[in-house]
Amino acid sequence: MTSEVPSEIPKVDIKGVSKTYPGDRQAVQALQAIDLSIAPGEFVSIVGPSGCGKSTLLYVVGGFLDAAGEVLVDGKAIVGPGTDRGVVFQEYALFPWLSVRNNILYGLERGPLSAEERARVADRLIGVIGLKGFEDRYPRELSGGMKQRVAIARTLACDPAILLLDEPFGALDAQTREVMQDELLRIWLETRKTVLMITHDVSEAVYLSNRICVMSARPGKIVEEFKIDLDRTIPREQLFTSDAFNKARNEVWISVRRQALAAEQAAHAGN
Amino acid sequence: MRETDRFSLLWSPVGRIIPLIMLGLLWQATSSLRLVDPAFLPSPARVGYAISDLLAGSEIRDNLFITLWRAGLGLALGSIAGVWLGLMMARSPVFRAYAAPIVGGTYSLPKSALIPLFILWFGIGTTTTVCAVFLACLLPMVVNTAQGVASTPRVLVWSAEAFGTRPRAMLWRVYLPHALPDIFSGLRVALGFSFVLAISSEMIASTNGIGKLIFMYGENGAYDYMFAAIACVIVVAFLADRLLLAFTEKSLRWHESARVR
């Protein structure tokens, strides 16, 4: 298991990040003073009630949104999007005018690889995601699960050190979601990339993460953290039915539920 | 079910020419029964004879090519400029602030109203016609391109950014491909305008071209030949539109609107 060495420079260091959206009548504060350090190779999930600004945090780390505070990657402040951070969006964000193969090749074109090497990488990934025979299809011809696999393959093709996942399996049916979770877990165990995942699925977070941060409703703050220390090498059925898994799942679930209830009460009080 | 059965003949390729045949019969009946003076509405038979006569000579062909060249040039220039201006309008707030009032103010102006102005500036001939076509094609292209570019989902731009696409490359790697369906619908409108403007401009500001030819036949009372020339224009415009549609379908195979393979 990954062990954090305290002296190590965090792979991702989020320092005092706050984000306020200008509104028509009043500004909406989405994030309030978020501090979060992610060690190299660590898998961190953020869970919380809907509309708590989870995705906003991911977009800030991705460099897509400006925010107060700073985000450091390998100790250096980010100034915008970068190829060191691969992003998988909730809506897949595949380029609809490119075939499966060309979507996967998209990010490689600016890299150092030759055309032959790029083609080899694409072929290998198409095999990994089980879409052989679909190389020349366009995204509109694919199911949601297939699109998401292409989106993940496209991001992995560039071999980013950091993966930013925004509810990557949220739109999938339950069976496909489990398959994709297993796939992600396998890839993570193999490559030990640093992962920041946004999800609303507590079981998913517990199944995949080393650490789970629970966010409050707007303004989003990290209110609780859970370290998850489970043996990821045992099969899913065994893990899901284990006491350790269920204890962790219940703890996180109760924490998220508390935030959701608080959000509801605040909404009523506001009316 | 019964509804579709009843109309299925109309949707078949044969069915689609039935209304045209009916129109032709109505036309023939009108002139055979002398409901209208045949001098003003020549019978389809006479128009058919005029068509075959015209097709045997080179006059119609030469003048059609002149018109097609003018319409095509104006359409090409107008489309290129329109796509560029639309792209700029959608991407640059400063440019939009200057261009939007001009586009909004001139969008609904019938461009043919400007032909006398072009005659004043450029005289009688190709320049005037091409300018009129250019202007007529420009605006639908600007508006459609701007709309297509502006509606690009931010996640597409973000994911391109995350893959290292630079802002300049973003224009042709993300914004233009996303706007392509809108650009093609603008092109179809512009194609129609190009014929309208080329022919109407030739009628008053040219010494040749199919527009001038139609106008001259009308002036000289050769109405059967006027109808024949109009029929040739209809066929050419229809074929141009079908060609563009086929090209659009091929280019937009990736798009939601395309037929599933």
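First the proteins, then the strands, lettered A, B, ... as listed; each starts at 1. Computed over heavy atoms, backbone and side chain alike; hydrogens, waters and symmetry mates excluded.
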Worksheet entry | Region of A:Leu164 in contact with chain B, defined by heavy-atom distances below 4.5 Å | neither
Fill in: Side chain, backbone, both or neither of A:Phe89 within contact of chain B (heavy atoms, under 4.5 Å)
side chain
Discussion item. Is there a side-chain contact between A:Ile198 and A:Val47 in this structure, where contact means two heavy atoms from C-beta onward sitting under 4.5 Å apart?
Written reply: no
Worksheet item: Taking the six-membered ring for Trp, are A:Phe95 and B:Phe163 ring centroids under 6.0 Å apart?
Response: no
Worksheet item: Using non-hydrogen atoms only, which part of A:Ser99 is less than 4.5 Å away from chain B: side chain, backbone, both, or neither?
Response: neither
Discussion item. Is B:Val174 in contact with chain A via its backbone, its side chain, both, or neither, using a 4.5 Å heavy-atom distance?
Written reply: both
Fill in: Under 4.5 Å from any heavy atom of chain B - which part of A:Arg110
side chain
Worksheet item: Would A:Lys132 count as a cation-pi partner of A:Phe134, with NZ or CZ less than 6.0 Å from the six-membered ring centre and within 45° of the ring normal?
Response: no
Practice prompt. With a 4.5 angstrom heavy-atom cut-off, could you sort out which part of A:Tyr59 is near chain B: side chain, backbone, both or neither?
Written response: side chain
Worksheet item: Relative to chain A, which segment of B:Pro153 carries a heavy atom at a distance below 4.5 Å: side chain, backbone, both, or neither?
Response: neither
Fill in: Atom group of A:Glu109 that falls short of 4.5 Å from chain B, counting heavy atoms
side chain
Worksheet entry | Verdict with reasoning, B:Phe118 to B:Phe134, per ring-ring contact (aromatic ring centres under 6.0 Å, His included) | CA-CA 12 Å; B:Phe118 293 141; B:Phe134 170 83; 9.4 Å; no
Practice prompt. Decide side chain to side chain donor-acceptor pair (under 3.5 Å) for B:Arg70 and B:Ser206; before the verdict, give the C-alpha distance in whole Å, the side-chain angles of both, and the deciding distance to 0.1 Å.
Written response: CA-CA 11 Å; B:Arg70 287 167 177 163; B:Ser206 182; 3.2 Å; yes
Item to complete: Could you tell me whether A:Asp159 and A:Lys193 make a salt bridge, using a distance below 4.0 angstrom between a side-chain N and a carboxylate O?
Response: yes
Discussion item. Here's one to test your reading of the geometry: is the NZ or CZ of A:Arg186 within 45 degrees of the ring axis of A:Trp188 and under 6.0 Å from its centre?
Written reply: no
Worksheet, complete the sentence: So, the part of B:Arg173 with a heavy atom under 4.5 Å from chain A: the answer is both
Worksheet, complete the sentence: Applying a strict 4.5 Å limit to non-hydrogen atoms, the region of B:Ala169 in contact with chain A is neither
